[in-house]
Every structure is written in structure tokens, then in C-alpha cells.
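A quick write-up on the structure given underneath.
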Amino acid sequence: MIEVSNLKKSYGKLEVLKQITFDVNKNDVVAVIGPSGSGKSTMLRSLIHLEEIDGGSIKVDGDYLVKDGVYASPHEIKRITAKMGMVFQHFNLFPHLTVKDNLEMAPRLLKREDVQVIEQRRAELLEKIGLTKWADAYPSRLSGGQKQRVAIARALMMNPDILLFDEPTSALDPELTGEVLQVMKDLAQEHMTMIVVTHEMGFAKEVANRVIFMDNGEIVESGHPTELFENPQCERTKAFLNRSL
Ligand code: ADP
Ligand code: MG
């Protein structure tokens, strides 16, 4: 589904991604872990063209977003990135729109579907995340956990093939993380392909079928969660896990 090879990115002299290479298969749930500043967000944002990389390739569902550092045409970039949805740490809901309108806005602007189809999907997704009652509320009235569930539903409104999550529970009070992780678990069970940057080691162990450990702009180690958590091969992985578990 996604093939990343030799991804490089610097901010000035700071090398943030150094030759990152990994694949994501259809139906994979890949957890990305690693210390703050290791390049996890930059890597994720590159996949959806929120950051431009300096070198390497990103192939999505058979098409190159960027090949050996050369980007596809703007039209192609739009088409390719539309296959992915992203959920951010700070929700990024539109504060001046109701929950319902947050969900409907992007598909309505696209004008690819009848309004009834969009409204039907919105109703189903609100039901799925248990927030039907809140359809006409503004985001400010919701808890952080509810906001993040809305953000996930909003991403799903575009029928993505892949969902990217950047620390979706890091801004939440501990008692609210469970409801968001549950929605993500449900999606995994429905075989959604997902890349999840997370500090939730329990979630990574339980839900991911692969874990990637990043440190200092590199993938230090990756493998099945049981393998990586119980028998890490690299010293840096061991040290990080000792601090995090
Ligand atoms: P992580 O998500 O793992 O915490 P990031 O990808 O956010 O790491 O950041 C990796 C490094 O790149 C950090 O040192 C960070 O300070 C730096 N960085 C991120 N975004 C920018 C930017 N827009 N300009 C300059 N430096 C940045
Ligand atoms: Mg980050």
C-alpha cells in the first residue's frame, strides 16, 4: 500500500530524516514509536505532502507521490494524497462549524457525491463513534476524547484507504484516551490500513502487527510487537523501552 525508500529531509543543517525505508501492506496496523524529536511527525506528514522531502521515494497504492526526490504533478499529488486521511494530536476541528458540518465540509466542497449520500455517511459515522446526539454542537462543547472521535470520523468521511494518526491521544487526559483507542481498535478490526505514531505501548502491543522504532531520524529497528517489545535487538531500542514501559 505504501512503499517508502531512502526518505531524506533536513531543516537547514538539521537532518531530520536520514534514509528512511519501510513498507506498509494493505490491512497493516503499523505503530511508530520513538523519542520526541526523532522525526516521527515529519515522516508521517511527508506521506500526505504536508512536508516536502529532499530525497527518496514514496509510492502509494502503485503510484509515486515522489520518485528519487522528484514530485508528481500537482494534480497527481492531490489524487494520491486523497487516498490518505490524517488525525492530528490537537484534533484540528473547525471551531466555527458544528460537528455535523465538520464532517460534511470536505466532501461537500469536492462535489463528487450527492448531498444525500454525504449526509447518510455522516449519520452512520456519528452513530459509529457514539456522537449522534452531538451533531449540532460546536467542538468547544465536546471533551477532548469526543473531539478526537469527531476528527477520526471526519477523516473517514473521505473514504480513505489509509489512515495516519500522529499521537492521537497525547493531548488527552488519561481517562479519555480509552474511548479514542477503542475507535481505533474497531477500525483495525475492520481491516483499515493504519500508521499510528503513539506513546501508547499497550495499544501498539495489542493492535499493531508491526512496530517501527525511530530514533534520531532513523528506523533503528522494526518487527512484530511481541518480538520488538520482548526481545529488542538494538541497545537504543532497549534503552527507549526501559524508559517507556
Ligand atoms: P517527533 O514527531 O518524533 O517528535 P518531529 O518530526 O516533529 O519529531 O521533529 C524532528 C526534528 O525536526 C526535531 O528536532 C524538530 O525540532 C525539527 N523540526 C520539526 N519541524 C520543523 C520545522 N518546521 N522547522 C525546523 N525544525 C523542525
Ligand atoms: Mg511528533
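Heavy atoms only: backbone and side chains are in, while hydrogens, waters and symmetry mates are out.
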Side-chain donor or acceptor of Ser57 paired with backbone N/O of Asp68 under 3.5 Å: yes
Heavy-atom side-chain proximity of Val99 to Asp136 below 4.5 angstrom: no
Atom pair CG/OG1 of Asn231 and Thr237 - distance to nearest 0.5 Å: 11.0 Å
Rounded distance (nearest 0.5 Å) linking atom CG of Leu103 with atom CD1 of Ile152: 11.5 Å
More than 12 heavy atoms from other groups under 6.0 Å of NZ on Lys78: no
Heavy-atom check, side chain of Met84 versus side chain of Ile2, under 4.5 Å: yes
Exercise: identify the closest heavy-atom pair between Gly56 and Ile53: O-CD1, 3.9 Å
Cluster check Val220, Phe229: I/L/V/M/F/W/Y, side chain < 4.5 angstrom: yes
Donor-acceptor pair, side chain of Glu51 and main chain of His49, under 3.5 angstrom: no
Flag side-chain contact, heavy atom, 4.5 Å: Asn92 against Arg154: yes
Under the side chain to side chain contact (heavy atoms under 4.5 Å, CB included) test, residues paired with Val197 that sit two or more places apart: Val32, Lys40, Leu44, Asp166, Glu167
Backbone of Ser143 reached by a side-chain donor or acceptor of Gln146 within 3.5 Å: yes
Pairwise distance NZ(Lys133) to CD(Glu127) - rounded to 0.5 angstrom: 11.5 Å
Check: Leu97 main-chain N/O paired with Asn102 side-chain donor or acceptor under 3.5 Å: yes
Shortest non-hydrogen contact from Met192 toward Pro160: CE-O, 3.8 Å
Flag for Gln120-Glu124: side-chain donor and acceptor within less than 3.5 Å: yes
NZ/NE/NH1/NH2 to OD/OE distance under 4.0 Å, Glu104 and Arg121: no
Backbone of Leu172 reached by a side-chain donor or acceptor of Thr169 within 3.5 Å: no
Chi angles and distances behind the salt bridge (charged side-chain N to carboxylate O under 4.0 Å, His left out) call for Glu119, Arg108: CA-CA 10 Å; Glu119 287 178 346; Arg108 276 176 181 264; 3.1 Å; yes
Lys83 vs Asp61, salt bridge (charged side-chain N to carboxylate O under 4.0 Å, His left out): CA-CA, chis, key distance, verdict: CA-CA 9 Å; Lys83 296 178 181 191; Asp61 200 13; 3.2 Å; yes
Donor-acceptor under 3.5 Å (Ser10 side chain, Lys13 main chain): no
4.5 Å side-chain heavy-atom contact, Asn27 and Asn25: no
Rounded distance (nearest 0.5 Å) linking atom CG of Leu17 with atom CD of Gln19: 10.5 Å
Any donor-acceptor pair under 3.5 Å from Thr21 side chain to Ser5 backbone: no
Verify same cluster id: Met86, Leu181 (apolar side-chain graph, 4.5 Å): no
Main-chain N/O of Leu241 paired to Ser244 side chain as donor or acceptor, under 3.5 Å: no
Considering all heavy atoms, the nearest Ser46-Ile58 contact: O-CD1, 3.7 Å
Rounded distance (nearest 0.5 Å) linking atom CD1 of Ile118 with atom CE of Met105: 12.0 Å
Test side-chain contact (heavy atoms from CB on, under 4.5 Å) applied to Arg210 and Asp28, step by step: CA-CA 8 Å; Arg210 194 142 42 93; Asp28 268 354; 3.0 Å; yes
Same apolar cluster: Leu176 and Ile129, side chain cutoff 4.5 Å: yes
Closest non-hydrogen atom pair between Thr198 and Ile33, with its separation: O-CG2, 3.5 Å
Heavy-atom closest pair, residues Ala31 and Ala204: CB-CB, 3.8 Å
Non-hydrogen side-chain atoms of Ile80 and Tyr64 separated by less than 4.5 Å: no
Criterion side-chain contact (heavy atoms from CB on, under 4.5 Å) on Leu50 and Phe88, from CA distance to verdict: CA-CA 12 Å; Leu50 290 173; Phe88 301 89; 3.9 Å; yes
Phe165-Val29 co-clustered via ILVMFWY side chain contacts under 4.5 Å: yes
Ring pair (Phe, Tyr, Trp, His ring centres under 6.0 Å) contacts in which one or both residues fall within residues 202-225, not counting sequence neighbours: Phe213-Phe240
Partner set under side chain to side chain contact (heavy atoms under 4.5 Å, CB included) for Ala135, not counting sequence neighbours: Lys100, Leu126
Residues Leu164, Ile162; criterion side-chain contact (heavy atoms from CB on, under 4.5 Å); working and verdict: CA-CA 7 Å; Leu164 312 178; Ile162 306 155; 3.9 Å; yes
Minimal non-hydrogen separation, Leu142 against Lys147, with atom names: O-CE, 3.5 Å
Student check: side-chain heavy atoms of Arg141 and Trp134 closer than 4.5 Å: yes
Worked check of side-chain contact (heavy atoms from CB on, under 4.5 Å) between Thr193 and Leu163: CA-CA 6 Å; Thr193 307; Leu163 270 185; over 6 Å; no
Main-chain N/O of Pro168 paired with Gln89 side-chain donor or acceptor, under 3.5 Å: no
Thr177 OG1 to His199 NE2 distance, which is reported to the nearest 0.5 Å: 13.0 Å
Flag if over 12 foreign heavy atoms under 6.0 Å of NE2, His96: yes
Heavy-atom side-chain proximity of Met214 to Ile20 below 4.5 angstrom: yes
Partner of Asp215 under salt bridge (Lys or Arg N to Asp or Glu O under 4.0 Å), chosen from Arg243, Arg236, Lys18: Arg236
Salt bridge flag under 4.0 Å for residues Glu190 and Lys128: yes
Verdict with supporting geometry, Lys9 and Glu15, salt bridge (charged side-chain N to carboxylate O under 4.0 Å, His left out): CA-CA 6 Å; Lys9 166 84 180 169; Glu15 259 192 298; over 6 Å; no
Side-chain heavy atoms of Arg79 within contact of Asp63, under 4.5 Å: yes
Cluster check Val211, Phe22: I/L/V/M/F/W/Y, side chain < 4.5 angstrom: no
